[in-house]
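I have placed the structure first, in the form of structure tokens, so that the comments after it can refer back to it.
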Amino acid sequence: MIKIVAFRNKERIGFEIKGHADYDDHGHDIVCAAVSILSHTIYRSLVVNLDLENELDVEVKDGFMNLSLARRGKDVDLLFDTFIEGIRSLEEGYGDFIKLTLEEE
């Protein structure tokens, strides 16, 4: 199962992703692929579109991604909200393979 903990408070915003969905064999797992593309899209958007590479704390390895940064306003919040909606959509369709926990203050 993929477990995602996303957080947003007054100072920071981000998420941690752990695990594999085990929906299908490696290379054919659409749930893992979908989570990967959503997480890498927000990362690339923060770097390419908002030029925040130097402000990101990011760690990526097999079955794991941790990303966080200082809250920077509406653009960062919009990207984060879009990421969360994508994950929620996946959770609705594949809840046995993905779990989202949202921590907001």
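Under a hydrophobic clustering in which Ile, Leu, Val, Met, Phe, Trp and Tyr are joined whenever their side-chain heavy atoms come within less than 4.5 Å, directly or via other members, L78 and Y43 fall into different clusters. A continuous path of ILVMFWY side-chain contacts below 4.5 Å connects M65 to I84, so both sit in one hydrophobic cluster. L56 and F64 are not part of a single hydrophobic cluster, where members link through side-chain heavy atoms under 4.5 Å apart. Residue L102 is not grouped with residue M1 when hydrophobic side chains (ILVMFWY) are merged at heavy-atom distances under 4.5 angstrom, including chains of intermediate members. Linking Ile, Leu, Val, Met, Phe, Trp and Tyr residues whenever their side-chain heavy atoms come within less than 4.5 Å places V47 and L52 in a single cluster.
The side-chain heavy atoms of L46 and V76, taken from C-beta on, include a pair separated by under 4.5 Å. Looking at V35 and L90, their side chains come closer than 4.5 Å, going by heavy atoms from C-beta outward.
The environment of CD in E55 is crowded: more than 12 heavy-atom neighbours from other residues, nucleotides or ligands sit within 6.0 Å. Atom CZ of R44 has 12 or fewer neighbouring heavy atoms from other residues, nucleotides or ligands inside a 6.0 Å radius. Crowding of D51 atom CG: a count of heavy atoms from other residues, nucleotides or ligands under 6.0 Å not exceeding 12.
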- [ ] Under the ring pair (Phe, Tyr, Trp, His ring centres under 6.0 Å) rule, what do F15 and F7 come out as? Steps first, then yes or no, please.
- [x] CA-CA 6 Å; F15 57 85; F7 65 89; 8.5 Å; no

Open item on the list: Let's go through D77 and I13 carefully: what are the C-alpha distance in whole Å and the side-chain angles of both, what is the deciding distance for side chain to side chain contact (heavy atoms under 4.5 Å, CB included) to 0.1 Å, and is it a yes or a no?
Closed with: CA-CA 8 Å; D77 282 347; I13 193 166; 3.4 Å; yes

Task: D81 and R88: CA distance, side-chain angles, deciding distance, salt bridge (Lys or Arg N to Asp or Glu O under 4.0 Å) verdict - done: CA-CA 10 Å; D81 290 343; R88 281 185 177 145; over 6 Å; no

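Considering all non-hydrogen atoms of both residues, L38 and G86 come closest at CD1-C, 3.6 Å. The minimum heavy-atom distance between S68 and R12, with the atom names listed, is OG-NH2, 3.1 Å. Closest approach of A6 and F80 over heavy atoms only: CB-CZ, 3.7 Å.
Of the inter-residue distances, the one linking E103 atom CD with E16 atom CD reads 10.0 Å to the nearest 0.5 angstrom. Here the OG1-CG distance, from T41 to N49, works out to 10.5 Å after rounding to the nearest 0.5 Å. Rounding to the nearest 0.5 Å gives a distance of 5.5 Å between CD1 of I2 and CD1 of I98. Here K99 contributes atom NZ and K3 contributes atom NZ; the two are 9.5 Å apart, rounded to the nearest 0.5 Å. Here the straight-line distance linking atom CD of E59 with atom CG of N66 works out to 6.5 Å at 0.5 Å rounding. The line from NE2 of H20 to NE2 of H26 is 8.0 Å long, rounded to the nearest 0.5 Å.
At least one donor-acceptor pair under 3.5 Å links the side chain of D29 to the backbone N or O of C32. The backbone N or O of L100 sits less than 3.5 Å from a side-chain atom of E91, completing a donor-acceptor pair. Between the side chain of D57 and the main chain of L67, no donor-acceptor pair closer than 3.5 Å is present. Checked by atom type and distance alone, the side chain of S89 never pairs as donor or acceptor with a backbone atom of E85 at under 3.5 Å.
Ring geometry, Y23 versus F97: the interplanar angle exceeds 60°, so the pair is classed perpendicular (tilted spans 30 to 60°).
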